[in-house]
Amino acid sequence: MSGFPDDLPFFGDDEAPRATPRAGGIAARAMAARQAPRYLEGLNPEQRLAVETTEGPVLVLAGAGTGKTRVLTTRIAHILATGKAFPSQILAVTFTNKAAREMKTRVEILVGQAVEGMPWLGTFHSIGVKILRRHAELIGLSSSFTILDTDDQVRLMKQLIQAEGIDDKRWPARQFAMMVDGWKNKGLAPADIPEGDSRAFAGGRGRALYAAYQERLKTLNAVDFGDLLMHPIRIFREYPDVLADYHRKFRYILVDEYQDTNTAQYLWLRLLAQRPRRSAPEGAGAEERSAPVNICCVGDDDQSIYGWRGAEVDNILRFEKDFPGAKVIRLERNYRSTAHILGAASHLIAHNEGRLGKTLYTEHVDPDDVKVKVHAAWDSEEEARAVGEEIEALQAKGHALNDMAILVRASFQMREFEDRFVTLGLNYRVIGGPRFYERQEIRDALAYFRVVAQGADDLAFERIVNVPKRGLGEAAVRQIHDVARLRNTSLLQAARDLVGTEEMKPKQRSALRNLVESFERWQGMLDRTPHTELAELILEESGYIDMWKNDRSAEAPGRLENLKELIRSMEEYESLRGFLEHVALVMDAERDEELDAVNLMTLHSAKGLEFDTVFLPGWEEGLFPHQRSLDEGGRAGLEEERRLAYVGLTRAKKNLHIWFASNRRIHGLWQSTIPSRFLDELPEAHVEVVEEASAYGGYGRPLGHRQPGRPNPYGPSRFDEAGDVFSSSYATPGWQRAQKNRTDATARNWGTRSGHQVERIGYGEPDSGYGAGRGSVKGRTIEGELVAKSVSDQPSPFKVGERVFHLKFGNGNIAAIDGNKLTINFDKAGQKRVLDGFVERV
DNA sequence: CTCACATAATTTTTT
DNA sequence: ATTATGTGAG
């Protein structure tokens, strides 16, 4: 429940006054063309209807691959071309910058240069910033407010929690940040927090802390991401004249991915979409509104996969209730996938109950189309190997690696594939993960810039006072803090004051003076030095560059490279301030299309993408659907997982391979697994179960060893048979072989091989080993297998099945041997992996 | 202040 | 198992 009463009616019969675009504009030109405009050509009837139904509320239910973006962009083009509105009178919101950029580009192509400014096309957040900058004073901010990211947010909260004398170990700031995010997603201000929610943190102090946090943000002249929605909502509510301005302004509202909107976004949209009834009696409450709403929401309830971060599928399911008289247009003709893939996806998603219901179809049927293939692997390592082989086979047949993707449920699954690809020397790229600007070195550099551009940015100042190390530790920072609080100034100002006194130890005082003077110098240069030059200078003079140059760790060169990249990217902006404005909201890496590489990403980050061949590994109970979704979300959680599966399936254009492994290591422990229930939800007619006959595959495996203690709780499965081939006790030769092969592969990765390229898109952990920088390409050499031998060929003094005693875990039976590591089923402690040195024969 | 050790957590991600 | 984070001693 999103908590909105259904008593805010929307009437679609009240026409808004309409401006007439000036002669000579796009409209005039379009009219001159007289014929059905070219941009409408090639649309199917439903798409065309969605484009041309410009008046009143419209919900476009666009199934996967049905041309959603095309409809959206053509609709904008149509509104412009027919002169219904100027570019600046259209509000078009998306969730990601990427989507916004794509939309902008495509509209420009459709309409020609004339779109110069679609100033109100952007993400919820970027539009929120724009609105907030205009009216910041109304809620006690100055329009130069800074935008805090999650990291700043958590640090700030931690300070507050500690200041309140709350044990921040028992009540971690991270957890509180998540709660506050959740509240803001729901559009709740501190005063709206229900008692129960408040009690959920620090023994009932949740609400008070939230209020304190908001207060603190205000004094810092800062906002967090959630505020970018919350503040405009508050302004709209409290200042009807401001809201009326926007009502007059926005003639058409378009929303992309409507199924992903959370309650706050819904509220925000609703405020903008509802207009005061012209005949409304004087003194009618704010609730007494009605409207002609030219709002068009595009989405797909079956692709709602962000419930866990506050998205309300309900928003899309309730659209017709929210907007009476709304036209609902279904786009069901799919232009992407084969009939088999669509059949599989449709059949699967039909198992969900809470959906509006669509049936995808295609008119393109090719006799060469292949069925969806389901494969079983012994363990996750074999799964990775087999997928690798398939990819190499496809590559040999002339398929581009760029057209293939592996979509995993959880990011830890990526590791095994990466290992495998490195071994094979196969190019791959990882999409998703931490962003470029979330990296330590980038954030440090930005903190310097922020202090220079805005001396009052205390959080930024605090971040870098002692980076690089200047001998200004906790005690010194506390001192600066105290002075700042006492005189009610910024930390930088307090530091400046403190330097003039005797209060600090000489060593620290001179270090601080040096820093303060540097900042003054840089600030003085701000307006008369090109910003990229200044940026470089700051990083040089502060000693920040040297800090990394002197760092001999493996990631240091990558970090320096990233800093260079940062400076380079600043060139696109006019000034330091302009750059900082954008950097908080926009900064994602573009994927390098030049490099032919396999795409590796989570199912979530795959939404909106498509590939000829898609591999979906890890279809096992507990992983997919994920246990935690099941535990926390119940049936709704399961349905969201199913939608995630649907998203995965519908990414494929031609070939789709689904895998499950009978054994997988979870938290360092090997566990046998059960095939995902989703496999049983696929239709026989479109699916083919592949009997593996690969080198390490089915041959020679003992048959029919069902795990006695683990019956399939979801009833008999058609894949039980296939699973049986592989499921057996750990004492089998197959298990040991798998173990051995696993260590071999790991050992091989110690080397590197040149000529193998890895691209990481927005995936920054510089210490993750492969490729340090953003989109950086780093070679690896694989020197040889000899390393491998020495590890796994060491004979163990133990044998599988032997009974042993362990000091901590007690008695148990050896289940498997892997070099000097033993997997033992302990009578009391369950299955553990231990070194053979720690056990003795009973 | 820094280094070494211990401890806890470990789905998904945008802005 | 792995990793990040935090604490305690030097």
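None of these values were measured; they are calculated from a predicted model. Throughout, a chain's letter reflects where its sequence line sits, starting with A, and its residues are numbered from 1. Hydrogens, waters and symmetry mates are skipped; everything else that's a heavy atom, side chains included, is used.
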[M] and [N], which share atom name [atom1], separated by this distance in whole Å:
N      : M     : atom1 : result
B:dT13 : C:dT2 : C1'   : 22 Å
B:dT11 : C:dA4 : P     : 15 Å
B:dT14 : C:dT3 : P     : 23 Å

- Query: Where does the angle between the aromatic ring planes of A:Trp268 and A:Phe124 fall among parallel (under 30°), tilted (30 to 60°) and perpendicular (over 60°)?
  - Reply: perpendicular
What is the distance, rounded to the nearest whole Å, between atom [atom1] of [X] and atom [atom2] of [N]?
X        : N      : atom1 : atom2 : value
A:Arg174 : C:dA4  : CZ    : P     : 13 Å
A:Glu257 : B:dT15 : CD    : P     : 12 Å
A:Ile147 : B:dT15 : CD1   : P     : 13 Å
A:Glu581 : B:dT15 : CD    : C1'   : 13 Å
A:Met178 : B:dT14 : CE    : P     : 16 Å
A:Asn262 : B:dT13 : CG    : C1'   : 13 Å
A:Arg155 : C:dT5  : CZ    : C1'   : 16 Å
A:Arg665 : C:dA1  : CZ    : P     : 8 Å

- Query: Would you say a side-chain N or O of A:Lys184 is under 4.0 Å from OP1 or OP2 of B:dT14?
  - Reply: no
- Message: Between A:Asn97 and B:dT15, is there a contact of a side-chain N or O with OP1 or OP2 at under 4.0 Å?
- Response: yes
Decide, yes or no, whether a salt bridge links [X] with [Y] under the criterion of side-chain N to carboxylate O below 4.0 Å.
X        : Y        : result
A:Asp152 : A:Arg463 : no
A:Lys68  : A:Asp300 : no
A:Arg415 : A:Glu418 : no
A:Lys98  : A:Glu102 : no
A:Lys607 : A:Asp260 : yes
A:Asp181 : A:Lys184 : no

- salt bridge (charged side-chain N to carboxylate O under 4.0 Å, His left out) with A:Glu462: which residues, sequence neighbours excluded? none
How would you label the contact of [X] with the nucleic acid (heavy atoms, under 4.0 Å): base, sugar-phosphate, or nothing?
X        : value
A:Leu407 : nothing
A:Lys158 : sugar-phosphate
A:Gly128 : nothing

Could you list, one pair per line, each protein nitrogen or oxygen that sits under 3.5 Å from a nitrogen or oxygen of nucleotides 8-10 of chain C, together with the distance?
none

- Message: Does the protein touch nucleotides 2-12 of chain B at the base, only the backbone, or not at all? Give it as B, S and - per nucleotide, heavy atoms under 4.0 Å.
- Response: S--------BB
- Task: Indicate, with yes or no, if the rings of A:Trp308 and A:Tyr306 have centres closer together than 6.0 Å.
- Result: yes
- Query: For A:Met230, does its backbone N or O pair with a side-chain atom of A:Asp227 as donor and acceptor, under 3.5 Å?
  - Reply: no
